[in-house]
Amino acid sequence: MEESVYQKIEAYLGGDMAPEEQHQFEELMANDPELQNEVALYNEINHHLNEESWLTTNAGKNNKTKQELEEYIKSDEATQIKSKLQQAGKVYKQSRKKPSKITFFVGALAAVFVAGLLVTSLFFNKTSSDDLYATYYSANDLPSLIKRGAEDEVLSTAIVEFKNGEHEKAIQSFKTYHDKQDLNDPLVYAYIGFSYLELNKINEAIQSFDRLLNSDSIDSSKALWYKSLVYLKTDDMTNAKNTLSKIIANPESFNHKKAIELLEDLDKLSSYN
């Protein structure tokens with residue numbers, strides 16, 4: 001591309017174009033995939049070289065997030081990353097005078113790699129525990145109560161409430177079912193535990209899973225897996241790892257293979273701290 005095109009890119013991204021000229025440039029981009037890529041890459045580099053943009057990216061969330069970002073930007077790690085970004089930007093801008101497909105690819109790869117490194121360093125530790133929970137939690141791991149539900153109206157109602165996310169009601173219905181005279185069904189503690197977890201009542205969730213764990217149910221070992229998910233969701237890495245280690249110690253444990261995989265993921269997560 002000609003140097004004049006890159007000047008237009010700078011003017012476009014900098015908001016220095018007149019409305020008519022901006023409209024013409026956007027029409028040109030719509031019919032030119034290569035130009036679209038150049039604009040996207042140039043914008044990416046400029047965005048990550050702009051310290052102010054780092055602060056405003058998540059400023060709308062809360063002051064704590066903004067403060068954490070400000071502190072991170074001043075750290076040695078962020079300084080090194082920014083230096084790499086600046087170098088990538090210089091190389092890319094210098095290469096524009098003699099562009100080629102190889103030059104473009106290398107410039108794009110450098111920008112994406114370093115930008116990805118920045119995002120990982122900033123947010124991996126804050127978001128990955130939630131991501132891992134979403135990955136490893138499965139309703140299929142809950143014991144089946146379908147046969148019991150078909151025979152009991154209260155339990156059937158509790159199951160529907162649980163599936164509909166009505167966890168306060170579900171807890172009461174499950175407890176009513178469990179407290180019936182001469183009835184002992186520890187499996188309902190699994191559902192009560194996850195209902196408490198959804199309500200962010202962590203201690204109650206752990207207590208419910210412990211009741212299942214200490215029961216004589218053939219599914220009692222599932223409680224260790226459930227507890228590991230509670231610790232995972234609450235970012236309690238120490239207890240999560242300890243609980244997973246108990247599962248791994250017994251090859252017959254429920255979700256033994258998943259426990260190994262999750263513990264490996266948590267070790268990787270810890271390496272970013």
Side-chain angles (χ1 to χ4, degrees), residues 127-263 265-266 269:
T127 63
S128 286
S129 59
D130 287 338
D131 292 339
L132 288 175
Y133 176 83
T135 298
Y136 283 94
Y137 170 76
S138 172
N140 293 329
D141 288 338
L142 285 166
S144 176
L145 298 176
I146 295 178
K147 291 182 180 180
R148 297 175 177 80
E151 300 169 358
D152 191 286
E153 183 178 351
V154 175
L155 181 57
S156 179
T157 297
I159 293 173
V160 171
E161 290 169 341
F162 180 85
K163 290 181 178 180
N164 290 339
E166 300 173 297
H167 296 293
E168 290 279 9
K169 292 181 179 179
I171 290 171
Q172 295 305 315
S173 296
F174 279 124
K175 285 183 175 180
T176 299
Y177 167 76
H178 187 271
D179 292 341
K180 282 186 176 181
Q181 186 176 2
D182 298 327
L183 178 63
N184 180 23
D185 193 350
L187 295 185
V188 299
Y189 286 125
Y191 289 82
I192 292 174
F194 277 110
S195 291
Y196 275 129
L197 181 58
E198 289 299 321
L199 295 171
N200 202 33
K201 297 182 178 181
I202 308 307
N203 291 334
E204 290 88 342
I206 292 296
Q207 290 171 8
S208 293
F209 293 138
D210 278 338
R211 291 190 179 99
L212 173 58
L213 181 64
N214 296 322
S215 72
D216 57 1
S217 170
I218 60 174
D219 289 312
S220 61
S221 66
K222 290 185 176 183
L224 284 176
W225 176 252
Y226 301 153
K227 288 178 67 175
S228 70
L229 293 179
V230 174
Y231 295 131
L232 179 63
K233 188 170 185 179
T234 56
D235 205 28
D236 186 347
M237 295 298 102
T238 299
N239 279 321
K241 290 182 178 181
N242 289 340
T243 306
L244 289 170
S245 295
K246 293 178 181 178
I247 298 174
I248 295 171
N250 181 4
E252 301 300 320
S253 295
F254 177 72
N255 275 352
H256 181 263
K257 184 177 180 180
K258 281 187 177 181
I260 295 175
E261 294 174 353
L262 177 53
L263 186 57
D265 287 337
L266 291 181
L269 180 61

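Just one of Leu266, Ile202, Ile206 meets the side chain to side chain contact (heavy atoms under 4.5 Å, CB included) condition when paired with Tyr231; it is Ile206. Of the listed residues (His167, Gln172, His178, Lys175), just one forms a side chain to side chain contact (heavy atoms under 4.5 Å, CB included) with Ile192, and that residue is Lys175.
Closest non-hydrogen pair, Ser173 versus Val154, comes out as O-CG1, 3.4 Å. Between Leu263 and Lys241, the shortest heavy-atom distance links the atoms CD1-CG, 3.7 Å. When all heavy atoms of Ala259 and Ile247 are compared, the closest pair comes out as CB-CG2, 3.6 Å. Scanning both residues, Pro186 and Ser217, for their nearest heavy atoms gives CG-CB, 3.7 Å. Residues Asn250 and His256 approach most closely at O-CD2, 3.2 Å, considering heavy atoms.
At least one side-chain heavy atom of Ser215 sits less than 4.5 Å from a side-chain heavy atom of Ser220. Inter-residue side-chain proximity for Leu244 and Trp225 is flagged as met; some heavy-atom pair is nearer than 4.5 Å. The closest side-chain heavy-atom distance from Phe194 to Phe209 is below 4.5 Å. Looking at heavy atoms from C-beta onward, Met237 lies in side-chain contact with Leu232 at the 4.5 angstrom threshold. The shortest distance between side-chain heavy atoms of Phe174 and Leu155 falls below 4.5 Å.
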*Given the rule in the side chain to side chain donor-acceptor pair (under 3.5 Å) test, do Asp265 and Tyr136 qualify, once you have shown the distances and angles that lead to the verdict?*
CA-CA 11 Å; Asp265 287 337; Tyr136 283 94; 2.7 Å; yes
*Could you walk me through whether Ile171 and Glu161 pass side-chain contact (heavy atoms from CB on, under 4.5 Å), step by step?*
CA-CA 9 Å; Ile171 290 171; Glu161 290 169 341; over 6 Å; no
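Here the CD atom belonging to Glu198 is positioned 9.5 Å from the CG atom belonging to Asn200, to the nearest 0.5 angstrom. Residue Ser221 holds its OG atom at 10.0 Å from CD of Glu252, rounded to the nearest 0.5 Å. The structure places CD1 of Ile248 at 11.5 Å from CG of Leu224, a figure rounded to the nearest 0.5 Å. Rounding to the nearest 0.5 angstrom, the gap separating the OG atom in Ser245 from the CD1 atom in Ile260 is 10.5 Å. Between Tyr133 atom OH and Ser228 atom OG the span is 10.0 Å, to the nearest 0.5 Å. Here Gln207 contributes atom CD and Lys201 contributes atom NZ; the two are 12.0 Å apart, rounded to the nearest 0.5 Å.
Both the sub-6.0 Å distance and the 45° axial angle are satisfied by Lys222 relative to the ring of Phe254.
Tyr226 places no side-chain N or O within 3.5 Å of a backbone atom of Tyr191 that could act as its donor or acceptor partner. Between the side chain of Asn255 and the backbone N or O of Lys258 there is no donor-acceptor pair closer than 3.5 Å.
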